[in-house]
Amino acid sequence: MLTQIIDKAKKHFANKLPFVLYRKPNSTIVNAGFQSTSTVFNVHTFDEKGFVFAPFNSDSPVILLKFEEFLQQPYDSINIDSKKEKGNSSSIKEKDTHIELVKKAISKIEDKKIEKVVVSRKIELSCTKDPFLLFTSLIQKYSSAFCYLWYHPKVGMWLGATPEILLKLENKRLTTMSLAGTKPYIKDKDVVWGTKEIEEQNLVTQYITKQLEDKVDKLLYSKVESIRAGNLWHLRTKLTAEIKNESLKSILQILHPTPAVCGMPKKETRFFILKEEDYNREYYTGYLGELNFKQENLRTTRRKNTENNVYRSIKTISELYVNLRCMQLKNEKAFIYVGGGITKDSDPEKEWKETVNKSKTMLSILNTI
């Protein structure tokens, strides 16, 4: 169980001190980082070390937690008192507002102003539930996602279970992904992709390729694959490469925000989102994760001379995830953020239903505790 980590995090929360709890995809280890002061640190050069929390709007500051203590603890299973899941409480007004936004986006695409844009909405619910119980429920239910609980007294509390990595950089070796297209998961049925989803995913892959091609060598792609994330299916292509003489900061400026959370071209779609969405995304569709962590690798040879048979190497690793399937907890309320990619083939009613399906990732956590 996670008694040691959870108890320490609760004390930090009570004392209004920053911390983060997180579990990487397909891992049984929970990581916990604790900052001893309430100072808000920002990232400037991306040579800093710590846990990054970045907003959607790349003009806004990127937050950095500087750990004075870092703990890891394995877990097996967690007993959670389950209740029957409730439905989405979205109103007719919310639906009409979102459909109108989708129609505006389609009109922009038809006028050849943009190719694709991601529009989103915020769901507001009453919530007095224990955030630490919500986190343990997340890691139990969504084993293949990056699950986290992040808190800073001067910024807020967020938690989520995201299926999408923005990038992993091991020394100069870059891994990223193109993730787009959404279908609901139906038990015992194979997913069938339509033209809209296939084209949307291909557009994202092409865009990332174009942005990176002059910055990297040995760019390789995986086959397009269907991956399940909770109650949803997505299309994914993995990309790997060796970065040339680029800094991590310059690579992030290229990738964030990706077409999967903003659109294409980036400048025009970002302007559309900031102007037309009726709320501030804050850290939704931003990114978070480990920045410049050190990992020691031991390599043993078969030589008989035991004094020389162990070699140590240190790798610098940054592993950052797109902040999707997330919620903010504030003033006894939960704010759930959901969106979808709009293309020329989008149907407004279906786009609304897609946001309803995506909201179930976090709603199911709120409604089963």
Side-chain angles (χ1 to χ4, degrees), residues 1-10 12-13 18-34 51-54 63 65 67 70-80 82 85 127 129-152 155-168 177 179 185 227-232 234 236 261 283-291 293 317-329 334-338 358-369:
M1 294 297 288
L2 301 173
T3 306
Q4 179 186 3
I5 281 177
I6 295 294
D7 286 349
K8 186 169 183 63
K10 286 181 177 180
H12 253 58
F13 184 49
F19 68 87
V20 63
L21 309 177
Y22 61 100
R23 200 274 334 268
K24 294 183 181 181
N26 304 309
S27 172
T28 58
I29 302 294
V30 171
N31 307 283
F34 302 95
F51 193 95
V52 171
F53 201 57
I63 308 298
L65 295 191
F67 298 158
F70 182 75
L71 302 174
Q72 293 181 309
Q73 194 170 354
Y75 72 95
D76 293 316
S77 60
I78 302 164
N79 293 321
I80 299 169
S82 295
E85 292 188 19
C127 179
K129 295 177 180 178
D130 183 347
F132 301 97
L133 189 56
L134 293 174
F135 172 71
T136 55
S137 180
L138 275 179
I139 62 175
Q140 181 74 356
K141 189 162 186 176
Y142 299 116
S143 60
S144 62
F146 178 88
C147 298
Y148 75 92
L149 174 63
W150 186 96
Y151 171 72
H152 195 297
V155 181
M157 175 173 276
W158 290 70
L159 71 157
T162 176
E164 181 174 356
I165 192 167
L166 177 63
L167 68 80
K168 183 175 182 180
M177 70 169 61
L179 187 79
Y185 167 75
I227 63 157
R228 183 183 165 194
N231 65 324
L232 299 172
H234 300 291
R236 180 179 70 184
V261 300
Y283 296 92
Y284 167 59
T285 63
Y287 59 87
L288 71 160
E290 298 171 346
L291 180 65
F293 275 43
I317 299 176
S318 296
E319 194 166 344
L320 307 176
Y321 291 80
V322 183
N323 195 17
L324 302 172
R325 315 295 187 272
C326 62
M327 75 169 85
Q328 182 183 23
L329 299 178
F335 300 93
I336 297 175
Y337 300 84
V338 287
K358 287 178 175 176
S359 72
K360 291 176 182 177
T361 299
M362 302 309 291
L363 282 171
S364 67
I365 299 301
L366 289 175
N367 293 331
T368 56
I369 295 176

Let me see the working for Q140 and Y75 under side-chain hydrogen bond (donor to acceptor under 3.5 Å, both in side chains), right down to the final yes or no.
CA-CA 10 Å; Q140 181 74 356; Y75 72 95; 5.8 Å; no
Rounded distance [0.5 Å steps], CG in L320 versus NZ in K168
11.5 Å
Side-chain donor-acceptor pair present, S364, Y142, cut-off under 3.5 Å
yes
To the nearest 0.5 Å, tell me how far M157 CE sits from L134 CG.
9.5 Å
Beyond-backbone contact of H12 with Y151, side-chain heavy atoms, under 4.5 angstrom:
no
State, to 0.1 Å, how close A145 and A161 come at their nearest heavy-atom pair, and which atoms those are.
CB-C, 3.8 Å
R325 side chain vs K360 backbone, donor-acceptor pair below 3.5 Å:
no
Could you state the interatomic distance from OG (S318) to CG (L291), rounded to the nearest 0.5 Å?
4.5 Å
Would a 4.5 Å heavy-atom cut-off, applied to side chains only, mark I165 and R236 as touching?
no
Audit row: Y283, L288, side chain to side chain contact (heavy atoms under 4.5 Å, CB included) steps and yes/no:
CA-CA 9 Å; Y283 296 92; L288 71 160; over 6 Å; no
Quick one, L21 with F132, criterion side chain to side chain contact (heavy atoms under 4.5 Å, CB included). Give me CA distance, side-chain angles, the key distance, then yes/no.
CA-CA 9 Å; L21 309 177; F132 301 97; 4.2 Å; yes
Restricting to side-chain contact (heavy atoms from CB on, under 4.5 Å), what partner residues turn up for H152, sequence neighbours left out?
P18, Q35, V40, L65, W150, K154, V155
What's the verdict on side chain to side chain contact (heavy atoms under 4.5 Å, CB included) for L179 and V322, showing C-alpha distance, side-chain angles and the deciding distance?
CA-CA 10 Å; L179 187 79; V322 183; over 6 Å; no
Out of curiosity, K24 NZ to N31 CG, how far, rounded to the nearest 0.5 Å?
6.5 Å
Check I139 against C147 and note the closest heavy-atom contact, atom names and distance.
CG2-CB, 3.7 Å
Applying side chain to side chain contact (heavy atoms under 4.5 Å, CB included), run through K8 and F19 and close with a yes or a no.
CA-CA 9 Å; K8 186 169 183 63; F19 68 87; over 6 Å; no
Separation between CD1 of I365 and CE of M327, rounded to the nearest 0.5 Å:
7.0 Å
Give me the atom names and distance for the closest heavy-atom approach of F293 to F67.
CZ-CE1, 3.9 Å
Is the shortest heavy-atom distance from the side chain of H234 to the side chain of M177 under 4.5 Å?
no
Provide the closest heavy-atom pair for T3 versus Q73 in the form atom of the first, atom of the second, distance.
N-NE2, 3.8 Å
Should the ring pair F53 and W158 be called parallel, tilted or perpendicular, given that the plane angle runs from 0 to 90° and is split at 30 and 60?
perpendicular
Smallest separation among heavy atoms of Y284 and C326, with atom names:
CD1-SG, 3.7 Å
Which residues share a side-chain contact (heavy atoms from CB on, under 4.5 Å) with T162, sequence neighbours left out:
F146, E164, Y321, L324
What's the separation between atom OG1 in T361 and atom CG in L366, rounded to the nearest 0.5 Å?
11.5 Å
To check you understand the geometry: which heavy-atom pair defines the closest contact between A32 and I5, and what is its length?
CB-CG2, 3.6 Å
So, N323 and Y337: side-chain donor and acceptor under 3.5 Å apart, yes or no?
no
Counting C-beta onward and ignoring hydrogens, is there a side-chain heavy-atom pair between M362 and L159 closer than 4.5 Å?
yes
